[in-house]
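Structure first, then comments.
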Amino acid sequence: MPLFARHVKPVEKSFYQPEIQTMPVDKIQQLQLERLKNQVRAALEKPIPFWKRKLEESGIQSADDIKSLEDLRRIPVTLKDELRESERLHPPFGDYRGVGREGTLKIGTTSGSTGVPTTTLWTKNDLEAEYIAGVRNYWRGGLRPGMWIVHAHPLGIYGSSLFTGMLEYMGTCPITTGICKEDAELESVLRYLERISPDYFTLFPTSHARFYEKAVELGLDLDKLNLPEPSTVWPEAQTDSVSSGIDAFAFLGTICHEKNGAHVHEDLVILEALDPVTGNPVPDGERGQLTISTITKDNFVLRYNVEDIVRIYRDPCPCGETHARMFFDGREKDIIKVNNKRILPLDVEKLLNKYTDSSIIRYQILRKKKGADHELLRVRFEHAKAGTAEADSIQTQLSNNISDDLHVPVTVELVTGDVIPRDTFKPMWVVDEV
């Protein structure tokens, strides 16, 4: 998933660790194989019961059975519900940990947006992997030690301040505002930020929109704030950063100056994009479910399907980085099936860039039932001209344009402000009809 909308301009050929980020592909693959074998050895010999069972059920009895990266596919895919069940049967942390309470330096939970939250435990080694990846990401984007960086992560036990820790590790000064649910709190924070003039904001798009709208309402000096106007929609080529979730790998990758997908850290993870029906890897450039194996962490995962929809590209990037690039297209849970066609919110967003202007403020896709096949796609737009004489013709034009591009029936509704809730953290692009 996109981690943060980064309001920094990617810097041309700016590598934090050039010897790793420009490593020849064959060397990357050799390193991946060596590190994968190490994880298999740890699972079998330590042992780590959850992963030991998975490996032995697939016929892998020793690390020597992993002779090539192709052998990774012998290992069964793991879903989050299996981790939840492990934590239920072996409370409180499950039996899939390489290191438990002893040796843990940081603890957090997932957000629970897809069900019961799972716990994440980080050792010193695990934090080092995350922080190094994060510094590579944000160095690529132009952040440097000494800068003052605003972020609005909700903090608390969710995520356990991982982003703050990474910024501190990098040598920047994180200004942690929280999500500021109340207007009075947001106003106080923005007035303070205007006084100290931070270098950059790095926010989720929903937080960015709220911060910007409030700053304009208050008449604050946006130049002194260094708070740029947020984009209404995310063009495909502007996918800024991707994460596989804190239970796998939070700082997975970011775009380079070529703006053609987020470079991921293949020396630290092995990525797959799997067909949701067959479970086989899809060709490069096609949509598949993101499946990740972490190959340097103490608390690692093997073939963990995070059920994000991604496209992976392995062709050379002109920037000089040799690691694969990835586009995050959405979450499996947000797919709408219309006449057997799988549609994601991004499919609508890309069309908004083509057909509309800034009159569209935010949107929602309405779903009658998760997993059901819909007869048509229903989209609700908060629009500056909702309720005016032009609304009907705008609705008709939008419906026709989106329908022509997606090849499914579409109905559009324009609504006025506050009909669609202002999200303070993760946006809800798909909502169930009531």
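All of these numbers come straight from a predicted model, not from anything done at the bench. For the numbers below, each heavy atom of this structure counts, side chains included, while hydrogens, waters and symmetry mates do not.
For Glu85, the side-chain hydrogen bond (donor to acceptor under 3.5 Å, both in side chains) partners are Arg88, not counting sequence neighbours. Residues passing the side chain to side chain contact (heavy atoms under 4.5 Å, CB included) test with Leu33, sequence neighbours excluded: Lys37, Ile66, Leu69. Take Glu56 and apply the side-chain hydrogen bond (donor to acceptor under 3.5 Å, both in side chains) test, not counting sequence neighbours, and it matches Lys52. Residues satisfying the side chain to side chain contact (heavy atoms under 4.5 Å, CB included) test with Ser403, not counting sequence neighbours, are Val410. The ring pair (Phe, Tyr, Trp, His ring centres under 6.0 Å) search around Phe15 returns none, not counting sequence neighbours. For Pro49, the side chain to side chain contact (heavy atoms under 4.5 Å, CB included) criterion is met by Arg53, Asp95, not counting sequence neighbours. Partners of Glu82 under the side-chain hydrogen bond (donor to acceptor under 3.5 Å, both in side chains) rule, at least two apart in sequence or in another chain, are Lys54. In this view, Tyr192 satisfies the ring pair (Phe, Tyr, Trp, His ring centres under 6.0 Å) rule with no residue, not counting sequence neighbours. In this structure Glu266 satisfies the side-chain hydrogen bond (donor to acceptor under 3.5 Å, both in side chains) test together with Arg314, sequence neighbours excluded.
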Residues 274-282 side chain polar contacts: donor-acceptor under 3.5 Å, at least two apart:
residue, atom, partner, partner atom, Å
Asp275, OD1, Val277, N, 2.7
Asp275, OD1, Thr278, N, 3.0
Thr278, OG1, Asn280, N, 3.1

Distance-only criterion, 3.5 Å: show the donor-acceptor pairs between side-chain atoms of residues 172-180 and protein atoms not counting sequence neighbours.
residue, atom, partner, partner atom, Å
Thr172, OG1, Leu167, O, 2.8
Thr177, OG1, His151, O, 3.4

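Annotation: side-chain hydrogen bond (donor to acceptor under 3.5 Å, both in side chains) contacts involving residues 288-299, sequence neighbours excluded, comprise Thr123-Asp298, Glu130-Lys297, Gln289-Asn305, Gln289-Glu332.
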